[in-house]
Novice: 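First, the structure itself, so that you have it in front of you.
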Amino acid sequence: MSIAPVNTRELSESSAEAETRLRRELAAVYRLVHHFQMTDLIFTHISGRLPGPDHHFLLNPYGLMFDEITASSLVVVDLDGNLVKPSSGVNVNPAGFVIHSAVHRSRQDAHCVLHTHTRAGCAVAAQSHGLLPLNQISMEFYGRVAYHEYEGIALSKAEQVRLVDDLGDLPVMILRNHGLLTVGLSPAQAFLRMFYLNRACQIQIDAMAGGSDLAIPAPEVAERTARQFEGADTGDDFTDPIASSLAWQALQRLVDRTYPDYAD
């Protein structure tokens, strides 16, 4: 489900306090991606923009599994993926940050960028029709999914321009023959978008594997459902930002319970 930003703070919050908060929230998301089996070993990234004019970001050090990430282990990189404070034995994968830096550079609302290579996400990324509105979860993204054609491993700065153009102002993207990408005003928002985008892909693969004809709602029904997820034309608690915030609080409790070292 879509959520309202949960990282709003008083303007008086210091930059040090903001960085500490972001480190803990981003580390929690790394653990959640591990917990829900959305990792690709040490590959893929979740990046978070630090406050301030320097265009610096938090990123995972290259070589750590997502269940090893802690708040203090996250490193600070610039827009090119270079370490702001180089340290012996600590590296990042600049090539892996190519996609993230392009999105961060072009989207002021992309405070967090989350990229995965999940099995279901890669499967749907290999289907020419893309994501289908087969389920209520899928319909959250109806008409709101960007697509980017595969050009090889994303190392080219020229591809960055095309990727950004394809993403536009949409919240999620399917990278053809590659994987999934979500953006958010906070790590929480980016994670919940990824959780449900990946779940929509899982549902699609399972439904198609059943072999029966698919029941696809009329376009106007799918669009109305997407608008309901956005909070339009409804007063239901299901779309209430408070309910969405409660979902994130529950996830934080899960991380606190299961991976208490994440905040170290």
Novice: Measure the spacing between OG of Ser138 and CG of Leu197 and express it to the nearest 0.5 Å.
Specialist: 9.0 Å
Novice: Is it the case that the side chains of Glu19 and Ser15 hold a donor-acceptor pair, with the cut-off being a distance below 3.5 Å and no angle test?
Specialist: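 No.
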Novice: Could you tell me whether the side chain of Asp54 and the main chain of His56 form a donor-acceptor pair under 3.5 Å?
Specialist: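 No, Asp54 side chain to His56 backbone: no donor-acceptor pair under 3.5 Å.
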Novice: Return the minimal non-hydrogen interatomic distance between Leu41 and Phe66, and the atom names on each side.
Specialist: O-CD1, 4.3 Å
Novice: Looking only at heavy atoms, what is the nearest atom pair of Ile137 and Ile203, with distance?
Specialist: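 Minimum heavy-atom separation between Ile137 and Ile203: CD1-CD1, 4.0 Å.
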Novice: So do the side chains of Ile205 and Val124 get within less than 4.5 Å of each other, counting heavy atoms only?
Specialist: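 Touching, per the 4.5 Å side-chain cut-off.
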Novice: Show the nearest heavy-atom pair for residues Ala18 and Pro51, with the distance to one decimal.
Specialist: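 That closest heavy-atom pairing would be CB-CG, 3.6 Å.
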Novice: Thr258 side chain to Val255 main-chain N or O, any donor-acceptor pair under 3.5 Å?
Specialist: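 No, the answer is negative, given that no donor and acceptor are paired below the 3.5 Å cut-off.
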Novice: Pick from His115, His111, His104: which one makes a side-chain hydrogen bond (donor to acceptor under 3.5 Å, both in side chains) with Ser47?
Specialist: His104
Novice: Arg144: which residues meet the salt bridge (charged side-chain N to carboxylate O under 4.0 Å, His left out) condition with it, sequence neighbours left out?
Specialist: Glu223, Glu230
Novice: In terms of heavy-atom contacts, does CG of Leu64 have more than 12 from other residues, nucleotides or ligands at under 6.0 Å?
Specialist: yes
Novice: Would you compute the distance between atom OG1 of Thr39 and atom CZ of Arg31 and round it to the nearest 0.5 angstrom?
Specialist: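 Going from the OG1 atom of Thr39 to the CZ atom of Arg31 covers 12.5 Å.
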Novice: Do Glu140 and Arg193 meet the salt-bridge criterion of a basic N to acidic O distance under 4.0 Å?
Specialist: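 No salt bridge links Arg193 with Glu140.
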Novice: Can you name the nearest heavy-atom pair linking Glu68 to Gly63, along with the distance?
Specialist: OE1-O, 4.4 Å
Novice: Gln160 and Ser101: side-chain contact (heavy atoms from CB on, under 4.5 Å), yes or no, with the steps?
Specialist: CA-CA 9 Å; Gln160 286 184 319; Ser101 62; 3.1 Å; yes
Novice: Can you name the closest pair of heavy atoms from Leu79 and Phe97 and give their distance?
Specialist: O-CE2, 3.7 Å
Novice: Does a side-chain heavy-atom distance below 4.5 Å link Val76 with Leu83?
Specialist: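 Contact flag for Val76/Leu83 side chains = no.
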Novice: Kindly indicate whether the side chain of Gln204, heavy atoms from C-beta on, has any atom under 4.5 Å from the side chain of Leu131.
Specialist: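 When only atoms from C-beta onward are counted, Leu131 and Gln204 do touch, with a gap below 4.5 Å.
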Novice: Under a 3.5 Å distance rule, please check whether Arg107 uses its side chain to pair with a backbone N or O of Leu170 as donor and acceptor.
Specialist: yes
Novice: As an exercise, state the distance from CE of Met173 to CG of Leu181, rounded to the nearest 0.5 Å.
Specialist: 7.0 Å
Novice: For Asp67, what residues pass the salt bridge (charged side-chain N to carboxylate O under 4.0 Å, His left out) criterion, not counting sequence neighbours?
Specialist: none
Novice: Can Asn60 and Tyr30 be counted as having a side-chain donor-acceptor contact under 3.5 angstrom?
Specialist: yes
Novice: Counting only heavy atoms not in Gln37, do more than 12 sit closer than 6.0 Å to its CD atom?
Specialist: no
Novice: Considering only heavy atoms from C-beta outward, does the side chain of Leu26 approach that of Cys112 to under 4.5 Å?
Specialist: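 A side-chain contact exists here, since the closest heavy-atom pair is under 4.5 Å.
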Novice: Let me confirm one number: the CG-CD distance from Leu175 to Glu151, rounded to the nearest 0.5 Å.
Specialist: 10.5 Å
Novice: Which distance, rounded to the nearest 0.5 Å, do you find between the CD of Gln127 and the SG of Cys122?
Specialist: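 So the CD of Gln127 and the SG of Cys122 are separated by 11.5 Å.
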Novice: Can you tell me if Asp78 uses its side chain to pair, donor with acceptor, with the backbone of Asn82 under 3.5 Å?
Specialist: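 Yes.
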Novice: Checking Arg23 side chain against Ala71 main chain: does a donor-acceptor pair fall under 3.5 Å?
Specialist: yes
Novice: Could you tell me how the ring of His35 sits relative to the ring of Tyr259: parallel (under 30°), tilted (30 to 60°) or perpendicular (over 60°)?
Specialist: perpendicular
Novice: Is there side-chain contact between Val172 and Leu180, with at least one heavy-atom pair below 4.5 Å?
Specialist: no
Novice: So which atom in Arg49 and which in Leu22 form the shortest heavy-atom distance, rounded to 0.1 Å?
Specialist: O-CD2, 3.2 Å
Novice: Is the backbone N or O of Ala188 less than 3.5 Å from a side-chain atom of Glu25, with the two atoms forming a donor-acceptor pair by type?
Specialist: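 Yes.
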Novice: With rounding to the nearest 0.5 angstrom, report the CD1 to OH distance, Ile69 to Tyr262.
Specialist: 14.5 Å
Novice: Could you tell me whether the side chain of Tyr62 reaches within less than 4.5 Å of the side chain of Val75, counting heavy atoms only?
Specialist: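 A side-chain contact is absent here, since even the closest heavy-atom pair is not under 4.5 Å.
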Novice: Report the C-alpha distance between Phe229 and Gln136 in whole Å, list the side-chain angles of each, state the deciding distance to 0.1 Å, and finish with yes or no for side-chain contact (heavy atoms from CB on, under 4.5 Å).
Specialist: CA-CA 10 Å; Phe229 272 105; Gln136 181 168 275; 4.0 Å; yes
Novice: Could you walk me through whether Leu50 and Phe57 pass side-chain contact (heavy atoms from CB on, under 4.5 Å), step by step?
Specialist: CA-CA 5 Å; Leu50 286 166; Phe57 307 87; over 6 Å; no
Novice: Find out whether Met38 and Phe191 are in side-chain contact, i.e. whether some heavy atom of one side chain is under 4.5 Å from a heavy atom of the other.
Specialist: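 They are in side-chain contact.
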Novice: Can you check whether Cys201 reaches Thr118 side chain to side chain, under 4.5 Å on heavy atoms?
Specialist: no
